[in-house]
Each structure stands twice: as structure tokens, then as C-alpha cells.
Amino acid sequence: MPYPSTAKRIQDPSAARQRSHFRWTIVAFSALGLTIAYLDRSALSVALPFMTREFEIDPTVQGVVLSSFFWSYAVFQVPSGWLLDRFGPRVIYPVAVGWWSIWTALTAFAGGVASLIVFRIGLGIGEAPVQPANIKVVSKWFPRSERAFASSLFDMGQQIGVALSVPVVTILAVSAGWRAVFVVIGVVGLLWILGWLRIYRAPEHHPRVGAAEFAHIRSDQAEMVGDETPREAGSWLPLLRNGQVWALMSGYVFRSLAGAFFLTWYPSYLLDERGFSEADFGMVGAIPAVIGIGSTVLGGIVSDRMLASGISTNIARKVPIITGLGISACIAFTPFVESNLVVMVLLTVSSAAHSFAGAAILSLPAEVAPSPDVVGSIAGFQNFGSQLGNIISPIAIGLFLTFSGGSYLGPLVFAGASCIISALIYGLCVRIKPVHTYEETK
């Protein structure tokens with residue numbers, strides 16, 4: 001039985017007096033979905049030192065295995081965005097989580113490099129819609145004045161997932177073997193689906209959204225467009241002719257060249273290069289991701305507070321991005337430091353600053369979209385750029401380690417340089433205003 005629309009409930013005086021805050025529950029569930037996604041994708045990098053003992057994988061091949069997830073993840077970004085614009089997050093999000101949970105569990109049956117790559121490719125297909133879905137959800141459930149903070153809340157799921165992967169995977173791998181890791185975390189995603197199907201509707205169709213909250217959600221949005229009913233989504237091809245879409249994509253490429261280190265080679269760097277024991281790594285390895293949780297939220301708060309104070313959207317979104325990426329470049333100093341304590345400080349600062357920029361970046365597709373119906377598509381393009389960096393980074397690091405005798409000097413210096421290049425792209429090339437040419441070029 002369909003729920004009555006909020007528009008009808010507004011006509012009820014008692015409903016109009018009700019005050020609700022259900023949008024925060026929605027974004028919390030989105031954050032949980034991203035937490036599970038990053039736990040699943042980070043599990044391999046944490047388990048890889050255990051797996052290499054069985055499969056005897058050299059660094060170059062390890063880089064290919066770590067990169068393989070991003071091959072399909074990148075390719076399916078734009079189609080995922082279009083599907084989200086067409087069918088909405090209520091349908092596409094749980095389908096994606098179900099798909100990637102199955103492929104995560106199948107990783108337990110890997111017999112070597114080839115099967116590992118196949119399972120990672122399957123995982124990448126399933127996880128492709130997760131960031132565009134969360135961006136789409138925020139664009140539907142929050143006014144512009146709250147979008148950076150809301151984006152920071154779901155994006156902190158990334159840091160939580162990475163942080164959890166270190167102790168959870170390490171404990172499971174040591175106590176039950178690395179194969180048990182993938183079965184356990186695969187089941188978690190299937191449980192999330194049940195909660196999402198029960199809780200999620202578009203705000204105008206949700207029985208828990210009062211008239212006052214709905215009016216707040218739409219307070220600075222020109223259109224009231226739901227996403228519960230499948231509808232025709234415009235072609236995303238005209239977006240390719242807009243320079244701003246390419247600028248968003250390019251900025252994310254270089255940001256991810258640095259960020260991918262923490263998702264792929266970070267555990268091996270601490271264990272192999274810095275001499276951490278497995279017990280030490282289990283205790284301190286999650287620190288950068290844990291600190292990153294707070295910095296992600298802080299970045300969203302700063303951006304929205306700047307916007308609320310009357311500062312232009314262009315400046316309010318760019319300041320956290322450029323500042324965060326500039327500070328994150330300190331990762332380049334780690335190869336020149338002998339103390340492991342100082343190394344952990346530098347890595348933590350770099351990761352936290354990288355996260356500080358994230359919320360404002362994730363708010364950009366909704367800021368530049370000419371219509372809510374293409375937010376998912378623009379988010380797909382932006383995240384495609386992210387995955388290009390994620391594909392290149394682990395392979396390049398693996399090759400460098402092979403031909404340099406295992407030195408991390410080149411990869412870490414390049415990561416710092418990538419942060420600076422990304423900051424320059426966002427500062428000089430991105431102009432945060434609606435892509436008006438989309439409608440004109442259909």
C-alpha cells in the first residue's frame with residue numbers, strides 16, 4: 001500500500017505542526033552502507049600479507065590484484081549514476097549491496113591470483129553505485145545549506161570501514177584464517193539490505209517525514225522531484241561536453257592517486273618497510289582512519305558554516321578542499337623519517353587532511369547539476385575520476401617496489417605531489433555553478 005505524499009500531509013494542520021528530523025536517520029544508514037563497502041574492499045589489503053604466504057605473490061602481481069577491484073568499479077561508475085537517476089536509491093542501492101556481499105564471500109574460495117582477480121572484479125561491479133547513491137540521497141534529503149555536513153556524515157563511513165578493517169580482519173585472519181574474513185563480512189552486507197528496504201523512501205513519500213521537515217528539505221531547492229517511481233533519465237552524454245564535469249573528474253584522479261595508498265599498500269608499508277609486527281599493526285594501524293572520521297565531519301561543518309555566513313558557494317566549498325589537499329601532501333616526507341612514531345604522525349595528518357577535503361568534494365555534483373535528475377550521472381563521472389587514480393596507484397607502486405628493491409620513496413613523494421596537483425585543479429579549474437549547458441546541448 002503506497003504511503004500518502006507529504007504534500008497531502010501538509011494539508012493536515014496536526015501534521016504541519018509536527019517536527020521531524022528523519023533525514024539524519026537516512027544519512028546514518030547511508031554511512032553504514034559505505035562503512036560496509038569500505039570494510040569489504042579494504043579487507044584484501046589487510047589480509048594480503050597473510051595470503052601471500054599461501055600464494056607466494058610478488059609485489060608486481062600484488063599491485064595488479066589490489067588494482068583489479070578498481071577496474072570494474074571505474075567502468076561501472078557512469079552506468080551506475082544513470083541507473084540511480086532512472087530507478088532511485090531505494091532500488092539500486094540494495095541490489096548493489098547484495099551483489100558485492102556475494103562476491104566478498106566468494107573470495108574465501110580463491111585458489112590463486114586468477115580467481116582473486118575475478119572475485120575482486122565482481123566486487124567492483126557491485127560497489128560502483130555506492131558513492132553516487134549516497135550523493136543522490138543527500139541531494140534529495142537535504143537543503144544546500146546542510147549538504148556538505150550531510151556528505152561528511154555518510155563519507156565518514158569510508159574511514160570507519162577502513163579503521164574497522166585493520167582490527168577485524170587481523171583478528172579473524174589470525175584466529176580463524178584469512179578465508180573466514182570474507183565470509184563473515186559478506187554476511188554483514190546482506191543484513192544491511194533488510195534495514196534499507198524497511199527504512200528508505202523519497203522524503204515526499206515517507207510516513208516519518210513531517211510537513212515542517214519536508215519544507216526545510218525543499219527550502220532552497222527549486223524542484224520537488226521524488227525518486228520512488230522509475231522514470232526516464234536524460235542522456236548523460238551531453239555532460240561530456242562540459243568542462244566543469246571534466247574538471248571535477250580530473251581533480252578526483254589526482255586526489256585518489258594519493259588516497260589509494262591507504263586503501264592498498266598502507267598495511268604492507270608498515271609491516272614490511274617500517275618493521276611493524278602484526279600485533280603492533282593491529283593496535284595502531286587504524287589510527288589514521290579513526291582520526292579521519294572526525295576530520296571528515298569537521299570539513300563538512302566548516303564548508304556549511306561558511307556558506308551560512310554568506311560566503312559564496314564557490315569559496316565555501318573550495319576552501320576545505322584546497323586546504324585539506326595541501327596539508328595532505330605531507331605524506332611525501334615519510335620516507336625521510338627514521339622514527340616510526342613520527343611516520344605515524346605524518347600518515348595520520350595526511351589521511352585526516354585528505355578526509356577533511358572529502359565532504360565538500362562530494363557535495364559538488366548536487367551544486368553543479370542543472371536538475372536533480374542528473375545528480376547521479378555527474379556523481380558517476382566524478383567518481384570515475386576517483387577510480388582512475390585508484391587503478392593506477394597500486395599497480396604503479398607495485399612496479400616501483402619491484403624495480404627499486406622495495407623502496408617506498410618514489411610512491412610516497414608522488415602521492416604528496418598528487419595532492420598538490422589536485423588542489424591546483426580544484427582551485428583554478430573548478431567553478432562551482434550549475435551546468436546550465438546540459439539542457440541546451442541535449
S.K.: For S393 and G389, indicate whether the former's side chain and the latter's backbone hold a donor-acceptor pair under 3.5 Å.
M.R.: no
S.K.: When you measure from the side chain of Q131 to the backbone of N383, do you find a donor-acceptor pair of N or O atoms at a distance under 3.5 Å?
M.R.: no
S.K.: Less than 4.5 Å apart, any side-chain heavy atom of R208 and any of I199?
M.R.: no
S.K.: With no hydrogens and no angle check, is any side-chain donor or acceptor of E146 less than 3.5 Å from a backbone partner on V138?
M.R.: no
S.K.: Given 3.5 Å as the limit, does a donor-acceptor pair link the side chain of S68 with the main chain of V65, or not?
M.R.: yes
S.K.: Any side-chain heavy atom of M344 sitting closer than 4.5 Å to one from P288?
M.R.: yes
S.K.: Walk me through whether W178 and F55 qualify under ring-ring contact (aromatic ring centres under 6.0 Å, His included).
M.R.: CA-CA 12 Å; W178 66 263; F55 296 143; 5.8 Å; yes
S.K.: Could you tell me whether a side-chain N or O of S422 sits under 3.5 Å from a main-chain N or O of C419, the two making a donor and an acceptor?
M.R.: no
S.K.: Is E204 paired with K140 through a side-chain N to carboxylate O contact shorter than 4.0 Å?
M.R.: no
S.K.: When you measure from the side chain of E54 to the backbone N and O of F50, does any donor-acceptor pair fall under 3.5 Å?
M.R.: no
S.K.: How about I217 and F142: do any of their side-chain heavy atoms sit closer than 4.5 Å?
M.R.: no
S.K.: Would you give the length of the straight line joining atom OG1 of T323 to atom NZ of K318, rounded to the nearest 0.5 angstrom?
M.R.: 12.5 Å
S.K.: Could you give me the CA-CA distance, side-chain angles and deciding distance for F149 and L298, then say whether side-chain contact (heavy atoms from CB on, under 4.5 Å) is met?
M.R.: CA-CA 8 Å; F149 179 55; L298 180 61; over 6 Å; no
S.K.: To the closest 0.5 Å, what do you measure between CG (L388) and CH2 (W71)?
M.R.: 14.0 Å
S.K.: Just checking W100 against Y73, ring centres under 6.0 Å apart?
M.R.: no
S.K.: At what distance, to the nearest 0.5 angstrom, does CZ of F70 lie from CD1 of I121?
M.R.: 13.0 Å
S.K.: Look up atom CG in L194 and atom CG in L197, then write down how far apart they are to the nearest 0.5 Å.
M.R.: 7.0 Å
S.K.: Between V137 and I26, is the side-chain contact (heavy atoms from CB on, under 4.5 Å) condition met? List the steps.
M.R.: CA-CA 8 Å; V137 168; I26 292 294; 3.5 Å; yes
S.K.: Taking all heavy atoms of P203 and all of R218, pick out the closest pair and write down the distance.
M.R.: CG-NH2, 3.8 Å
S.K.: Could you check R144, R147, R317 and say which one makes a salt bridge (charged side-chain N to carboxylate O under 4.0 Å, His left out) with D304?
M.R.: R317
S.K.: Can you say whether the rings of F261 and Y408 are parallel (under 30°), tilted (30 to 60°) or perpendicular (over 60°)?
M.R.: perpendicular
S.K.: Which heavy-atom pair separates S418 from A258 by the least distance, and what is that distance?
M.R.: CB-N, 4.4 Å
S.K.: Side chains of S350 and S328: is there a donor and an acceptor less than 3.5 Å apart?
M.R.: yes
S.K.: Is there side-chain contact between W265 and L401, with at least one heavy-atom pair below 4.5 Å?
M.R.: yes
S.K.: With a 3.5 Å distance limit and no angle check, can you tell me whether H354 reaches the backbone of R255 through a side-chain donor-acceptor pair?
M.R.: yes
S.K.: Does the R120 side chain pair with the main chain of F69, one donor and one acceptor, at a distance under 3.5 Å?
M.R.: no
S.K.: Just do the side-chain contact (heavy atoms from CB on, under 4.5 Å) check on L346 and I331 with the steps written out, would you?
M.R.: CA-CA 6 Å; L346 286 171; I331 193 174; over 6 Å; no
S.K.: Side-chain contact, heavy-atom cut-off 4.5 Å: L172 with V184?
M.R.: yes
S.K.: Please indicate whether W196 has more than 12 foreign heavy atoms, meaning atoms of other residues, nucleotides or ligands, lying under 6.0 Å from its CH2.
M.R.: yes
S.K.: Would you name the heavy atoms of P411 and F400 that are closest together and state the gap between them?
M.R.: CD-CD2, 3.5 Å
S.K.: Under the ring pair (Phe, Tyr, Trp, His ring centres under 6.0 Å) rule, collect the residues that match up with F182, sequence neighbours excluded.
M.R.: none
S.K.: Closest approach of A150 and V27, non-hydrogen atoms and distance?
M.R.: O-CG2, 3.3 Å
S.K.: Within the 4.5 Å heavy-atom criterion, are L325 and F254 side-chain neighbours or not?
M.R.: no
S.K.: Please state whether the rings of W141 and Y200 are parallel, tilted or perpendicular, taking 30° and 60° as the class boundaries.
M.R.: tilted
S.K.: Treating T107 as the side-chain partner and W103 as the backbone partner, does any N or O pair qualify as donor plus acceptor under 3.5 Å?
M.R.: yes
S.K.: Is the shortest side-chain heavy-atom distance between M51 and L44 below 4.5 Å?
M.R.: yes
S.K.: Can you list every salt bridge (charged side-chain N to carboxylate O under 4.0 Å, His left out) pair that touches residues 26-49, not counting sequence neighbours?
M.R.: R41-E127
S.K.: Hey, does the side chain of T52 reach the backbone of L48 with a donor-acceptor pair shorter than 3.5 angstrom?
M.R.: yes
S.K.: Which heavy atom of N134 sits nearest to which heavy atom of S30, and what is that distance?
M.R.: OD1-CB, 3.1 Å
S.K.: Distance from T35 atom OG1 to D155 atom CG, nearest 0.5 Å?
M.R.: 10.0 Å
S.K.: Which heavy atom of G81 sits nearest to which heavy atom of P132, and what is that distance?
M.R.: CA-CB, 4.5 Å
S.K.: For a 4.5 angstrom cut-off between non-hydrogen side-chain atoms, does L270 reach Y266?
M.R.: yes
S.K.: Verify side-chain contact (heavy atoms from CB on, under 4.5 Å) between V302 and V319, making sure each step is shown before the conclusion.
M.R.: CA-CA 9 Å; V302 169; V319 166; 5.6 Å; no
S.K.: Identify which one of H206, H21, R23 satisfies the side chain to side chain donor-acceptor pair (under 3.5 Å) criterion when paired with E213.
M.R.: R23
S.K.: If you measure from CG on L362 to OG on S303, what distance do you get to the nearest 0.5 Å?
M.R.: 11.0 Å
